[in-house]
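Worksheet: the structure to be examined is printed underneath.
A quick note: this is a predicted structure, and the numbers were derived from the prediction, not measured.
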Amino acid sequence: MKDKKVLCVILARGGSKGIPGKNIKDLAGHPLIAYTICEALQSKYIDRVIVSSDDDEIRKTSIKYGAEAPFVRPKELSTDTAKPVECIQHATKWAESDKNIKYDYVVELLCTNPFKTSDDIDKAIEMQIETNADSVIAVMPLEDHHPIRIKRLVDGKIKDFNSTLVEIPESRRQDLKPDAYIRCGSIYSMRRDMLEKGIRYGTEDSRAYILPRERVVNIDEPMDFVIASILMEKEKRPHIKEVEYEKSL
């Protein structure tokens, strides 16, 4: 493990429309992005934590909490339609050129899911290295929202969405099989050569790291932020704090 170089990239574009200033909005006493930065810095395997942003306030906040924000993300990669994989490629190439090294793995951490821990990050990286998988993606179990329960409407009548997944009336949540999972927008770990091809996940050897439901809150809408704030107030995370000094941009 010690011979592997691991880069962490956190994408944090400015101009959020659903929740203005979302990435640096206060969540239980700290900016939202701080939780992801500080957990990344606690990782045993990550060598460098870089925040890619087009927004100076996000960059300043990231630096205060210990990350690097050494460049302004180009305008063409800061639009609503910019692909995350292209932004990660840009940050990775910048970091490799800056230090004249080649990373073995790149881990993208999404700051809109603040409940992942450094232990989750390390276990995903360990799975990545031990299996030599193309990628390892955080997922969570679908319980009440199992795909068997998804319906479509035909002339106002309820029909099963998929003919191969037919719900048996009165089925309990525990009876729904096979077990189903969904990508939870938290951790994406990938081999460097897969990133070079523009692939974050979705190959035949993309593995799943299962996050428990209590560590998954995707903050996309104002109500998500309210829920996350209530839950985070109960958490004990003393390592979420500003560093003792602030580097200049």
Side-chain angles (χ1 to χ4, degrees), residues 8-43 46 49 51-53 55 57-67 69 80 84 107-125 136-147 149-150 172-174 176 179-189 208-243:
C8 171
V9 177
I10 300 171
L11 303 180
R13 187 169 62 89
S16 172
K17 295 179 176 64
I19 305 175
K22 175 173 65 175
N23 290 316
I24 54 175
K25 184 177 174 65
D26 184 87
L27 177 73
H30 297 283
L32 174 61
I33 196 171
Y35 294 92
T36 295
I37 289 172
C38 292
E39 295 300 340
L41 293 171
Q42 291 278 310
S43 167
I46 290 174
V49 179
V51 172
S52 169
S53 181
D55 184 279
E57 285 304 311
I58 293 175
R59 294 176 63 222
K60 288 177 183 177
T61 301
S62 300
I63 291 168
K64 284 182 180 179
Y65 281 85
D80 291 338
V107 179
E108 179 198 3
L109 300 179
L110 280 74
C111 57
T112 49
N113 193 316
F115 290 92
K116 60 187 168 294
T117 66
S118 59
D119 187 56
D120 292 319
I121 297 165
D122 284 345
K123 285 179 178 176
I125 295 172
V136 172
I137 310 303
V139 303
M140 74 172 183
L142 281 173
E143 296 170 345
D144 250 8
H145 295 90
H146 193 284
R149 290 186 169 177
I150 298 176
R172 300 178 307 154
R173 171 173 57 84
Q174 298 91 329
L176 302 178
D179 293 338
Y181 302 86
I182 188 170
R183 286 187 293 113
C184 58
S186 185
I187 303 169
Y188 289 80
S189 174
Y209 173 70
I210 302 172
L211 273 172
R213 183 68 185 86
E214 64 268 20
R215 291 209 293 281
V216 180
V217 177
N218 258 325
I219 300 179
D220 293 319
E221 301 176 357
M223 183 55 70
D224 300 329
F225 212 99
V226 172
I227 293 169
S229 296
I230 293 170
L231 295 175
M232 193 61 82
E233 288 287 356
K234 300 178 181 179
E235 293 256 343
K236 302 295 184 183
R237 297 197 181 191
H239 55 285
I240 310 298
K241 58 185 178 182
E242 294 183 17
V243 296

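Under the 3.5 Å distance criterion, the side-chain polar atoms of Asn23 are left unmatched by any main-chain donor or acceptor of Ile58. Checking side-chain atoms of Asp224 against main-chain N and O of Glu221 turns up a donor-acceptor pair under 3.5 Å. At distances below 3.5 Å, at least one donor-acceptor pair connects side-chain atoms of Ser53 with backbone N or O atoms of Ala12.
Between Gly185 and Asn113, the shortest heavy-atom contact is O-CB, 3.4 Å. Looking at every heavy atom in both residues, Val107 comes nearest to Ile187 through CG1-CG2, 4.2 Å. Shown here for Pro84 and Leu11, the closest heavy-atom pair between the two residues is O-CD1, 3.8 Å. Across Tyr209 and Val136, no two heavy atoms sit closer than the pair CB-CG1, 3.9 Å. The two residues Glu143 and Leu176 come nearest to each other via the heavy atoms O-CD1, 4.1 Å. Heavy atoms only, all atoms of each residue included: Ser229 and Ala28 are closest at O-CB, 4.5 Å.
Atoms CG and OG1, on Leu41 and Thr36 in that order, are 11.0 Å from each other to the nearest 0.5 Å. Atom OG of Ser16 sits about 10.0 Å away from atom NZ of Lys25, to the nearest 0.5 Å. Note: Thr112 OG1 to Ile33 CD1 = 10.0 Å, rounded to the nearest 0.5 Å. One distance of note links NZ of Lys60 with OH of Tyr65; it measures 15.5 Å at 0.5 Å rounding. Between the OG1 atom of Thr61 and the CD atom of Glu242 there is a distance of 8.5 Å, given to the nearest 0.5 Å. Put simply, CG on Leu110 and CZ on Arg183 are 10.0 Å apart, with the number rounded to the nearest 0.5 Å.
Between Ile125 and Ile46 there is a side-chain heavy-atom pair separated by less than 4.5 Å. Ser62 places a side-chain heavy atom less than 4.5 Å from the side chain of Ile37. With a 4.5 Å cut-off on side-chain heavy atoms, Pro114 and Ile219 count as touching. Looking at heavy atoms from C-beta onward, Val139 lies out of side-chain contact with Ile182 at the 4.5 angstrom threshold. With a 4.5 Å cut-off on side-chain heavy atoms, Asp120 and Phe115 do not count as touching. Counting heavy atoms from C-beta on, the side chains of Arg237 and Glu39 come closer than 4.5 Å. Contact check for Asp179 versus Pro141: no side-chain heavy atoms found under the 4.5 Å cut-off. Gln42 has its side chain out of reach of Asp122: every pair of non-hydrogen atoms, C-beta onward, lies at least 4.5 Å apart.
The residue from Val226, Leu27, Val217 that alone fulfils the side-chain contact (heavy atoms from CB on, under 4.5 Å) condition with Leu231 is Val217.
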Practice problem: Show your reasoning for whether side-chain contact (heavy atoms from CB on, under 4.5 Å) applies to Val216 and Ser186. | Solution: CA-CA 8 Å; Val216 180; Ser186 185; over 6 Å; no
